[in-house]
Amino acid sequence: MKKEIFHEHEILVVGGGLSGLRASIEALRSGKDVAVISKVHPLRSHSVAAQGGINAALGNTPGRGEDHWEDHAFDTVKGSAYLADQDAVDILCKKAPEAVIELEHMGTVFSRFENGKIAQRPFGGAGFPRTCYAADRTGHNLLHTLYEQSISGKMKFYDEYFVTSLIKENGTCVGCIALDLREGTLHAFSGTVILATGGFGRIYNRSTNALINTGDGAFLAYEIGAGLEDMEFIQFHPTTLYGSNILITEGARGEGGYLKNSEGERFMKDYAPDAMELAPRDIVARAIMTEVNEGRGIDDEYVHLDLTHLGEEKIKERLPGIRQIAMDFAGVDPIKEPIPVQPGQHYSMGGILVDNGCETDVPGLYATGECSCVSVHGANRLGGNSLLETVVFGKIAGKMASEEVNGKELNESLFIDAIEKDSKLIDSIVGKKEGILYSEILKDLRETMFQHFGVFREGETMEEGLDKIRRLKEKFEDVYVESDDKKFNQALIRTLELRNMLLIAEAVAMGAVRREESRGSHYRTDFTERRDEQYLKHTVVRKGVEGPELEYSPVNLDRFDVKEREY
Amino acid sequence: MKLKVFRYDGDESHYDEFEVPHKPGQTVLDALFYIQENLDDSLSFRYSCRGAVCGSCAMLINKVPRLACRTQVKTLVEGEDKVKIKHCPALDKGDEIEDGAVLVEPLPHLPVEKDLIVDQDKFFEYYREMEPMLKTKSEVPGEEYEMDPEDVSELEDYTNCILCAACFGACPVDGENVNYRGPAALAKLYRFHIDPRDKSERLSLADHEDGWWACEFHTNCQKVCPKNVPPNIAIGKARSKLEKEDG
């Protein structure tokens, strides 16, 4: 194979968001030859959009006394509706303070209390003000910090390369194939692979996610035999901007914002009388949908997030990004008027099944961040825990993958065959003269997901949805791209993303149909109770002979007793 | 509604006109997606967050460098577009704005790769030249540095930069001098200079004719910045500090 298209490294990190960069930095520190392969420039990754903050039991809030990581762990487990693996949650919460302090030492400009310590705000589902933040631009600040740390020159970046497949030799993952978007050529990469490709929110039409969140890593891992865990657990964020579904941080409620219906009532009193607006996300999202469904929404579409009573100064200091978003995208100044909000898809709790060392069940293949499922979020993630997961487990992934690297002889013919296979796939899409455009299938898929697998779910509707998804998969056989441009053929990329999304949608649907209970974000109107005796277990979907197959695996419950969730 | 879009395939360039149905709240990015999905799937442009935080989609819209995702079509078509920037030679190139139409072109001052996608390598090369990573002397493991909230507030003016390169495309000096490091790189350097935790000598890195001293204070950078970062103020302060040290 030509040298220009064959790249040998020890560690290949796919994805340049927070998890990917944190993993890369750790692998580099372990002395490895590291490459980051990303379909966008790393600073354009979705991590940049995280607003509210990162949890750690620092106990910085003046007058509130000490906080303890065990309390953080309890809140996380309870918030997860007991589906999180408690040994993994221990790691997450125990390592949180050092992870945040490390980020601070790397250069992140966190907001501060008057005494100079990192400021912390209350967040939903947490019993203590535990969320460290950089105004309402925490993800932006963290991503820029980690990128700064990673550009010393030793790390190799392949920006704007789209990974099309992973390569397996004797059961072990040994590399990947990626399309160079600038030139339109396929390249081969060898090395231990860490997937850090983010979530798959864009299978839904109402989503806070960046447009690039198409679940590429989960698809790649599935294809070579890794399991996908708890895919049916989709977090719907209660407050996304009506119209564009851009995120309006939970921090807005943490700072004291009210949710009001068309009658001007703070309706959360009927759903979570103690926690009110700061109940966990699944509960607030269902409350808003119920208000709208029962005719107390505004224009039958949304409710109001009212910040006006917080005053100009507090809004400008603590929530400047939110104010800008509301003005730019809804024409509303939150100092003067309430913000129109509705629930939208926000986070994928499920993902590639990994152990606490971030290894999948394919040796040589690791996964971390939102694309993975450790599982620390279970059936519902608490705000402020996803940024935390990216840095804690990103670091672990980088370290563990580095320990496994060995200098095995490369079997070049495997890579040549893989390039040929992907090349044929691309030619079959670009070469057709007529067929169905990706945009048509994508639109149907997104509508199907929100209608059939949304905030409220029901058996029969979901069965119909699953059928629709399978029909769309069949339609994909006829997909084609008109443009045969080599350079930046985005229609081709979006078509390949659609291939990934269809499989993921099917896995989500299968898990949701089979789980006959309500737990966290998975709420069924035909089974409204949590049913621990049958379903306190993880769903795992794997590639079988005739398509995806579903099985269950046990949950680690070694720290806290399983109880009812009340807020 | 008419969109006139710059096209380039690596050999030749031209403009294509597209008729796009108007929707309330529609952004220029929405309109470009409409074209890609319904009219011409060969159109290329960068995108990611669609919420003005990732910095992917800076381009020249009605002769002003800005983010496509943050620019409402309505304000352009109805002439309510308020950004007034100082003249820049690059803006004379290409087609002129027509009433009631939206003119979309790639960001100036960087080589065009395809259609609306420019090669940002030079922009990021200047950024890396500023050694943009915190250099501290004595961290205590397990303990955070304490920082005055007022220092944080000044730092935020600069850490808000999303490196979209709109300022680079708007700066008349960058248009004439390809070696000028540009507003974003200098603002980034200044951000580390004022960070109380940073212990390295910073300002000298750009103490040359293509660094701090090349700026002519047209202030286009601040005017087009989607995050209100003021590179011109950083540059002014850096210069007076260096002048004081010299004098």
Side-chain angles (χ1 to χ4, degrees), chain A residues 40-41 43-46 48-49 58 97-98 100-101 104-107 109-119 134-135 137 139-141 144-145 148-149 151-153 182 210-212 243-244 246-247 317 321 324-325 328-331 437-439 481-483 485 487-491 494, chain B residues 9-10 24-25 27 33 36-38 40-56 69-70 72 113-115 117 119-120 124 127-128 132-134 136 139 141-149 151-153 155-156 159-163 191-192 195 197-198 226-228:
Chain A
V40 293
H41 184 285
L43 289 176
R44 317 308 182 201
S45 305
H46 182 53
V48 84
L58 294 173
E98 69 180 55
V100 168
I101 287 167
E104 199 271 341
H105 287 174
M106 284 175 170
V109 179
F110 283 104
S111 298
R112 303 286 168 153
F113 285 127
E114 285 303 319
N115 65 12
K117 288 194 170 286
I118 295 173
R137 301 182 176 110
H140 160 85
N141 280 281
H144 279 252
T145 299
E148 289 158 11
Q149 293 289 314
I151 53 167
S152 61
R182 284 185 182 200
L211 303 167
I212 58 172
S244 58
I246 293 173
L247 176 65
E317 186 205 324
Q324 203 172 13
I325 287 169
D328 285 351
F329 296 95
L437 289 172
Y438 73 91
S439 47
V481 167
E482 278 181 349
S483 166
D485 288 356
K487 281 175 89 70
F488 288 105
N489 191 332
Q490 290 177 323
R494 298 189 73 195
Chain B
D9 62 3
T27 64
F33 272 119
Q36 197 186 62
E37 289 173 6
N38 300 285
D40 182 349
D41 73 1
S42 70
L43 178 65
S44 302
F45 51 93
R46 286 200 180 95
Y47 62 86
S48 173
C49 77
R50 65 79 175 83
V53 285
C54 80
S56 297
C69 72
R70 188 172 167 255
Q72 298 277 327
E113 297 207 62
K114 189 188 172 207
D115 300 341
I117 295 180
D119 180 348
Q120 297 196 331
F124 277 105
Y127 158 82
R128 277 195 304 273
M133 64 274 295
L134 190 71
T136 57
E139 2 180 287
E143 268 184 50
E144 64 199 80
Y145 287 98
E146 290 182 3
M147 284 172 88
D148 188 327
D151 290 344
V152 168
S153 170
L155 268 165
E156 279 174 350
T159 54
N160 285 342
C161 169
I162 58 174
L163 295 171
R191 167 250 177 280
F192 285 100
D195 193 318
R197 301 168 297 180
D198 196 86
K227 297 289 150 184
N228 301 316

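In what follows, every chain begins at residue 1, and chains take the letters A, B, ... in the order their sequences are listed.
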*Side chain, backbone, both or neither: which part of B/Pro24 has a non-hydrogen atom closer than 4.5 Å to chain A?*
neither
*Measure the spacing between OG of A/Ser483 and CG of B/Asp40 and express it to the nearest 0.5 Å.*
7.5 Å
*Those residues that, when tested against A/Lys487, pass salt bridge (Lys or Arg N to Asp or Glu O under 4.0 Å) (two or more places apart)*: none
*Could you look at A/Glu317 and say if it's the side chain, the backbone, both or neither that has a heavy atom under 4.5 Å from chain B?*
neither
*asked:* What part of A/Phe113 gets within 4.5 angstrom of chain B, counting heavy atoms only: side chain, backbone, both, or neither?
replied: backbone
*Can you tell which part of A/Glu482 gets under 4.5 Å to a heavy atom of chain B, answering side chain, backbone, both or neither?*
both
*asked:* Out of A/Ile212, A/Thr145, A/Asp328, return the one with the most heavy atom pairs under 4.5 angstrom to chain B.
replied: A/Asp328
*Got a second to check how far A/Leu43's CG is from B/Cys54's SG, nearest 0.5 Å?*
9.5 Å
*Considering all heavy atoms, the nearest A/His144-B/Leu163 contact*: CE1-CD1, 3.8 Å
*Which region of B/Phe124, side chain (C-beta onward) or backbone (N, CA, C, O), has a non-hydrogen atom less than 4.5 Å from a non-hydrogen atom of chain A, or is it both or neither?*
side chain
*Between B/Asp41 and chain A, which part of the residue has a heavy atom less than 4.5 Å away: side chain, backbone, both or neither?*
both
*Spacing of NE2 belonging to A/His41 relative to CZ belonging to B/Arg46, to within rounding of 0.5 Å*: 9.0 Å
*Picking from B/Gln120, B/Glu146, B/Glu144, which has the most non-hydrogen pairs under 4.5 angstrom with chain A?*
B/Glu144
*asked:* Please identify, among B/Gln72, B/Glu113, B/Met133, the residue contributing the most non-hydrogen atom pairs under 4.5 Å to chain A.
replied: B/Glu113
*Please determine if A/Arg494 and B/Glu37 form a salt bridge, counting it only when a charged side-chain N lies under 4.0 Å from a carboxylate O.*
yes
_For the student: nearest non-hydrogen atoms of A/Val109 and B/Arg191, plus distance_ = CG2-NH2, 3.5 Å
*For chain A, find which of B/Pro149, B/Cys49, B/Ser42 contributes the most heavy-atom pairs closer than 4.5 angstrom.*
B/Pro149
*Using the side-chain contact (heavy atoms from CB on, under 4.5 Å) rule, pick out the option among B/Val53, B/Asn160, B/Ile162, B/Thr159 that qualifies with A/Arg137.*
B/Asn160
*Highest number of heavy-atom pairs under 4.5 Å with chain A: which of B/Gly25, B/Cys161, B/Pro226?*
B/Cys161
*At a heavy-atom separation under 4.5 Å, does A/Ile101 approach chain B through its side chain, its backbone, both, or neither?*
side chain
*Check each atom of B/Glu156 against the heavy atoms of chain A and say whether the ones under 4.5 Å are side chain, backbone, both or neither.*
side chain
*asked:* Under the rule for salt bridge (Lys or Arg N to Asp or Glu O under 4.0 Å), what residues qualify as partners of A/Glu104, not counting sequence neighbours?
replied: A/Arg112, B/Arg197
*Minimum side-chain heavy-atom gap A/Ile246-B/Arg50 below 4.5 Å*: yes
_Side chain B/Ser48, main chain A/Arg44, donor-acceptor under 3.5 Å_ = yes
_Heavy-atom pair of closest approach, residues A/Phe488 and B/Lys114_ = O-NZ, 3.6 Å
*Contact check, side chains of A/Gln490 and B/Ile117, non-hydrogen atoms, under 4.5 Å*: yes
*asked:* Return the NE2 to OH distance between A/His105 and B/Tyr145, rounded to the nearest 0.5 Å.
replied: 5.5 Å
*With only heavy atoms counted, which part of B/Leu155 is less than 4.5 Å from chain A, the side chain, the backbone, both or neither?*
side chain
